[in-house]
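In this text, all values refer to a predicted model and were calculated from it rather than measured experimentally. As a basis for the values below, the full set of heavy atoms in this structure was taken, side chains included, without hydrogen atoms, waters or symmetry mates. The first residue in the sequence is number 1, and the count goes up from there.
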Amino acid sequence: MMTLDYARLVEGLREVTTGLAGAVAGGDPEAKVPTCPEWRLARLVGHIGQADRWAAGIVREGGPSAVPDPAEADHDQPAAWEDWLLGGAEELIAAVRDAGAETEVWSMAGPVPTAFWMRRMMCDTAVHHYDAALTTGAAYGIAGDVAAEVLTESLQLIAATEAAEAFLPRLAALRGRGERLVIRPDGVDGWVITRTPEGVRWERGDGDGDVVVSGTTAECMLVFARRLPARAVTGDRAVLEHWLAHTAF
């Protein structure tokens with residue numbers, strides 16, 4: 001279930017890719033990325049361009065494709081970074097347009113419409129834009145609806161219990177006994193997450209929880225992406241820390 005329509009996904013992918021390209025402009029390829037400490041800036045740039053093109057290939061072929069080797073992702077030519085990043089996003093957009101946004105293709109979670117991959121890369125790029133901005137000192141900004149989509153997508157992937165746990169076994173630790181986490185962004189509907197014995201369940205809205213995280217939608221997104229420390233927290237912080245410790249992709 002995507003909350004953004006096709007046109008907004010296209011626009012959103014372009015927005016976050018342009019933001020990332022601007023954040024890395026003039027950056028040092030050897031600079032360490034504080035929020036991805038095993039990566040240099042060149043790896044971050046290469047990862048996004050590589051992943052966009054990998055996703056476009058899945059959309060064109062319809063079936064699974066070997067996950068690209070991260071060791072081959074480094075892009076050490078800063079003068080070409082903008083074209084590399086924007087070109088990858090446009091390749092994916094064109095592949096989805098040509099295949100049809102509702103055409104089913106492979107994903108690690110089972111058959112999905114091709115637009116799934118455009119959304120996946122929009123969300124991934126939105127978070128890595130922050131990583132790049134932190135590395136180079138550039139300003140970071142994200143539209144509220146895109147930040148909300150990042151949160152929603154991550155919860156949908158985690159709640160696909162069997163596929164999620166097969167992909168990332170530590171997600172099994174999120175099965176619980178009814179513990180509730182509430183994300184309460186300023187001025188918009190939030191998210192209520194419940195840990196059940198069968199897996200994670202969630203819904204949009206508000207309510208009581210064992211722990212409540214508040215802030216702008218962008219701040220909440222970055223907290224749950226493990227990029228910012230949670231500042232506005234009420235309730236049992238240990239429930240939040242347990243969640244964050246087991247949801248790193």
Side-chain angles (χ1 to χ4, degrees), residues 1-4 8 12 15-16 19-20 23 33-37 119-120 122-135 139-161 164-165 167-249:
M1 180 184 68
M2 303 184 195
T3 57
L4 300 184
R8 182 63 182 122
E15 283 177 8
V16 296
L20 173 59
V33 180
T35 39
C36 302
R119 180 204 202 196
R120 174 84 285 277
M122 180 191 74
C123 294
D124 196 28
T125 305
V127 174
H128 285 312
H129 174 196
Y130 177 81
D131 298 330
L134 185 65
T135 304
Y140 177 76
I142 183 172
D145 61 341
V146 173
E149 197 74 4
V150 175
L151 278 162
T152 294
E153 191 223 27
S154 69
L155 291 173
Q156 288 175 336
L157 293 175
I158 291 167
T161 304
E165 291 177 4
F167 175 69
L168 200 66
R170 67 172 169 270
L171 293 176
L174 296 180
R175 294 172 182 254
R177 296 172 295 179
E179 300 92 338
R180 284 161 60 95
L181 297 82
V182 177
I183 306 172
R184 187 176 289 160
D186 301 336
V188 298
D189 284 345
W191 294 259
V192 179
I193 306 164
T194 305
R195 294 172 49 197
T196 78
E198 295 75 30
V200 171
R201 303 290 181 264
W202 67 276
E203 61 184 352
R204 293 298 302 265
D206 196 5
D208 296 326
D210 296 283
V211 64
V212 178
V213 179
S214 303
T216 67
T217 308
E219 288 168 345
C220 291
M221 181 208 82
L222 290 169
V223 167
F224 278 80
R226 296 156 307 282
R227 264 55 182 188
L228 282 181
R231 297 185 179 90
V233 179
T234 57
D236 188 351
R237 184 177 279 268
V239 174
L240 173 64
E241 296 301 332
H242 181 276
W243 177 274
L244 296 176
H246 291 87
T247 54
F249 288 96

Handout entry: Closest non-hydrogen atom pair between Ala132 and Leu20, with its separation
Key = CB-CD1, 3.5 Å
Handout entry: Whether Glu153 side chain and Leu151 backbone form a donor-acceptor pair below 3.5 Å
Key = no
Practice task
Could you list all the salt bridge (charged side-chain N to carboxylate O under 4.0 Å, His left out) pairs where at least one residue sits in residues 183-200, not counting sequence neighbours?
Solution key: Arg184-Asp206
Handout entry: Gap between atom CH2 of Trp202 and atom CD1 of Ile158 - 0.5 Å precision
Key = 11.0 Å
Handout entry: Any residue meeting side chain to side chain donor-acceptor pair (under 3.5 Å) with Asp210, in chain and number order, not counting sequence neighbours
Key = none
Practice task
Please confirm whether the backbone N or O of Met2 pairs with a side-chain atom of Glu149, one donor and one acceptor, at under 3.5 Å?
Solution key: no
Exercise for the section: Could you grab the distance from atom CZ of Phe224 to atom CG of Leu155, nearest 0.5 Å is fine? Expected result: 8.0 Å
Completion exercise
side chain to side chain donor-acceptor pair (under 3.5 Å) filter on Asp236, not counting sequence neighbours, yields none
Exercise for the section: Determine the minimum heavy-atom distance between Pro185 and Trp191, stating which atoms define it. Expected result: CG-CZ3, 3.7 Å
Exercise for the section: State the CG-OG1 distance between Leu174 and Thr194, to the nearest 0.5 angstrom. Expected result: 12.5 Å
Exercise for the section: Specify the closest pair of heavy atoms between Ala147 and Thr217, including all atoms of both residues, with the distance to one decimal. Expected result: CB-CG2, 3.8 Å
Problem - With sequence neighbours excluded, residues passing side chain to side chain donor-acceptor pair (under 3.5 Å) with Thr247 - result: Arg226
Handout entry: side chain to side chain contact (heavy atoms under 4.5 Å, CB included) between Leu4 and Met122, worked out
Key = CA-CA 11 Å; Leu4 300 184; Met122 180 191 74; 3.9 Å; yes
Problem - Closest non-hydrogen atom pair between Arg175 and Pro197, with its separation - result: NH1-O, 3.0 Å
Problem - Verdict with reasoning, Trp243 to Val211, per side chain to side chain contact (heavy atoms under 4.5 Å, CB included) - result: CA-CA 11 Å; Trp243 177 274; Val211 64; over 6 Å; no
Handout entry: Residue pair Pro34 / Thr135: nearest heavy atoms and the distance that separates them
Key = CD-OG1, 3.4 Å
Problem - Check: Gly19 main-chain N/O paired with His129 side-chain donor or acceptor under 3.5 Å - result: yes
Problem - Verdict with supporting geometry, Arg231 and Glu219, salt bridge (Lys or Arg N to Asp or Glu O under 4.0 Å) - result: CA-CA 10 Å; Arg231 297 185 179 90; Glu219 288 168 345; 6.0 Å; no
Handout entry: Contact check, side chains of Cys36 and Arg227, non-hydrogen atoms, under 4.5 Å
Key = yes
Practice task
Please confirm whether the backbone N or O of Thr152 pairs with a side-chain atom of Arg204, one donor and one acceptor, at under 3.5 Å?
Solution key: no
Practice task
Look up atom OH in Tyr130 and atom CG in Leu228, then write down how far apart they are to the nearest 0.5 Å.
Solution key: 4.0 Å
Practice task
Kindly indicate, with the supporting measurements, whether the criterion side chain to side chain contact (heavy atoms under 4.5 Å, CB included) is fulfilled by Ile193 and Val200.
Solution key: CA-CA 7 Å; Ile193 306 164; Val200 171; 3.8 Å; yes
Problem - Validation row: Val146, Met221 side chains within 4.5 angstrom (heavy atoms) - result: no
Practice task
Go through Ile142 and Glu15 one step at a time and tell me if the side chain to side chain contact (heavy atoms under 4.5 Å, CB included) criterion holds.
Solution key: CA-CA 8 Å; Ile142 183 172; Glu15 283 177 8; over 6 Å; no
Completion exercise
By side chain to side chain donor-acceptor pair (under 3.5 Å), Arg180 pairs with (sequence neighbours left out) none
Exercise for the section: Go through the structure and list residues passing salt bridge (charged side-chain N to carboxylate O under 4.0 Å, His left out) with Arg237, not counting sequence neighbours. Expected result: Glu241
Completion exercise
Minimal heavy-atom distance between Ala133 and Ala139, with the atoms involved, is CB-O, 4.0 Å
